[in-house]
Number of protein chains: 2
Amino acid sequence: MNNTSPMIYLVDDDERILIALKRLLVSAGYHVQPYQSAEDFLTMHDPDAPGCAVVDVDLPGMDGFGIQDALWSRHHARPIIFMTGCGDIPTTVRAMKAGAVDFLTKPVDAASLFAAIEQALKRDQDGRQKALQRRLVEQRLASLTPREREVFGCVVAGQLNKQIAAELGTVEKTIKVHRGRMMEKMCVRTVADLVRLAAVAEV
Amino acid sequence: MNNTSPMIYLVDDDERILIALKRLLVSAGYHVQPYQSAEDFLTMHDPDAPGCAVVDVDLPGMDGFGIQDALWSRHHARPIIFMTGCGDIPTTVRAMKAGAVDFLTKPVDAASLFAAIEQALKRDQDGRQKALQRRLVEQRLASLTPREREVFGCVVAGQLNKQIAAELGTVEKTIKVHRGRMMEKMCVRTVADLVRLAAVAEV
DNA sequence: GACGGCATTGGACCCAAGGTCAATTACAAC
DNA sequence: GTTGTAATTGACCTTGGGTCCAATGCCGTC
């Protein structure tokens, strides 16, 4: 699906640092997209492209946390690595609690940065994988008729056709038909597979 | 199971702080167990009692991370809240990455401490709940004969009895018997329930 | 050697799941 | 009014799942 190589989104208001870090990362083989402000990053980056963000928390205007919140509220789960020149412990804790991959102090140590980026890219990859599966299941669920949707829930709950019929106020034969069509639309052949699909969607 | 009220394990080498914090927590209605060293805590605390630990990272001898590692290697997932008088950002990041609930700076703010403790107790509760379920499932799995165990795997995978029979080199009738006994031992009546149990055990 | 647990199998039987063929009803859109 | 989709139901048949009773062979323990 997304086999484009991952992008590192660099956000720092200090142009010298931006240039230096970009050079470092490019020389290590990464694709880099630099931004001088949170606003630039948020409006210009492609949220569907794989990759991670390396962000200075102390930005003028919207700061690093603003980026984190903005991405979160848009359901963009892009992993973030923070950098700071003058951060304190409460700030660090807040960032990590909010899901930051790492919180690095300037001057940034190259080895730490690379390690954090690798971890962030892996997290991004995993997240994308899960989101993809989830979207697939939700797409299939959306193709169900209301009745089929109800039957889906009952089957996942382990109910027998006759029990489902009683619950939905109809007869077993009707349920069998709905159930058959539902299984086909969900692209599964066994109840075991269906339960696993349901688990992907719900959790 | 564990309806004893949760215990707060306090670990700090400074006796004055230990006393002050204990007083604060007791007055807030918590049960508190103070220790002056990591070693004392590790040898004397009850790992099966619900609760969380509030630990000074800068302990003489084994430090706070030592506690974290020791608990981890013993598979005791007790949530830890760290305190520090002179910590830095890398230390904070390390602690949070290792799963600390919070990382507080001394002097500890009461409101922050209470918030962290509530979060830690909730995490402990959730962890215990999951561990309990998991142990229950593993116990049931352990009661299966080797053959039943194999059939379990195939059923969860969604295979038909005849397919299972072919895979295990026997006939459908035999599988039916194993399958029936397996379902009874696992205390489930439907495949849907069985798949959910399997999910609890594997993840 | 007797005993118990385990794996295996056969036969009879019942219930559940799913498919075929056919038909009816309701509602919304064109 | 016609068309399409969704929901519904019936009779009939096949396959799959599950249970009861009964029996056999293997293996390790007492």
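Just so you know, these numbers come straight off a predicted model, no measurement behind them. Here is how names work: the chains are called A, B, and so on, in the same order as the sequence lines, proteins then strands, and each is numbered from 1.
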Q: By nearest heavy atom, map B:Lys176 and A:Thr145 onto DNA chain D; which one lands nearer the 5' end?
A: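 By nearest-heavy-atom nucleotide position, the 5'-most residue is A:Thr145.
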Q: Ring-plane angle category for B:Tyr35 and B:Tyr9, please: parallel below 30°, perpendicular beyond 60°, tilted otherwise.
A: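 Rings of B:Tyr35 and B:Tyr9: parallel, under 30°.
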Q: What is the distance, rounded to the nearest whole Å, between atom CZ of A:Arg149 and atom P of D:dA7?
A: 13 Å
Q: Any idea which of C:dT8, C:dA16, D:dT8 is nearest the A:Thr174 side chain?
A: D:dT8
Q: CZ of B:Arg147 versus P of C:dA7: gap in Å, rounded?
A: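 Rounded to whole Å, this separation is 8 Å.
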Q: Measure CD1/B:Ile175 against P/C:dT8 and give the value in whole Å, please.
A: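 Between P of C:dT8 and CD1 of B:Ile175: 7 Å.
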Q: Check step by step if salt bridge (charged side-chain N to carboxylate O under 4.0 Å, His left out) holds for B:Lys122 and B:Glu118.
A: CA-CA 6 Å; B:Lys122 174 160 173 34; B:Glu118 282 308 308; over 6 Å; no
Q: Are any non-hydrogen side-chain atoms of B:Leu10 and B:Phe41 less than 4.5 angstrom apart?
A: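 The answer is no; the side chains never approach within 4.5 Å.
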Q: To the side chain of A:Leu160, which of C:dT8, D:dG17, C:dA17 is closest?
A: C:dA17
Q: To the nearest Å, give me how far apart CZ (B:Arg181) and C1' (D:dG17) are.
A: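 For the pair B:Arg181 CZ and D:dG17 C1', the rounded distance is 16 Å.
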Q: Give the rounded distance in Å between these two atoms: CG of A:Asn161 and P of D:dT15.
A: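 That distance rounds to 19 Å.
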Q: Report the distance from atom NE2 of A:His178 to atom P of D:dT5, rounded to the nearest whole Å.
A: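 A:His178 atom NE2 is separated from D:dT5 atom P by 16 Å.
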Q: Just the rounded figure in Å: distance from C1' of C:dA17 to CD1 of A:Ile164.
A: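 It is 11 Å, rounded to the nearest whole Å.
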Q: Looking at D:dG16, I'd like to know if its phosphate oxygens (OP1 or OP2) sit under 4.0 Å from a side-chain N or O belonging to B:Lys162.
A: yes
Q: Could you tell me how far apart B:Glu172 (CD) and C:dA7 (P) are, to the nearest whole angstrom?
A: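 About 19 Å, once rounded to whole Å.
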Q: With a 4.5 Å heavy-atom cut-off, do A:Asp12 and A:Met83 have their side chains touching?
A: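 Yes - at least one pair of side-chain heavy atoms lies under 4.5 Å apart.
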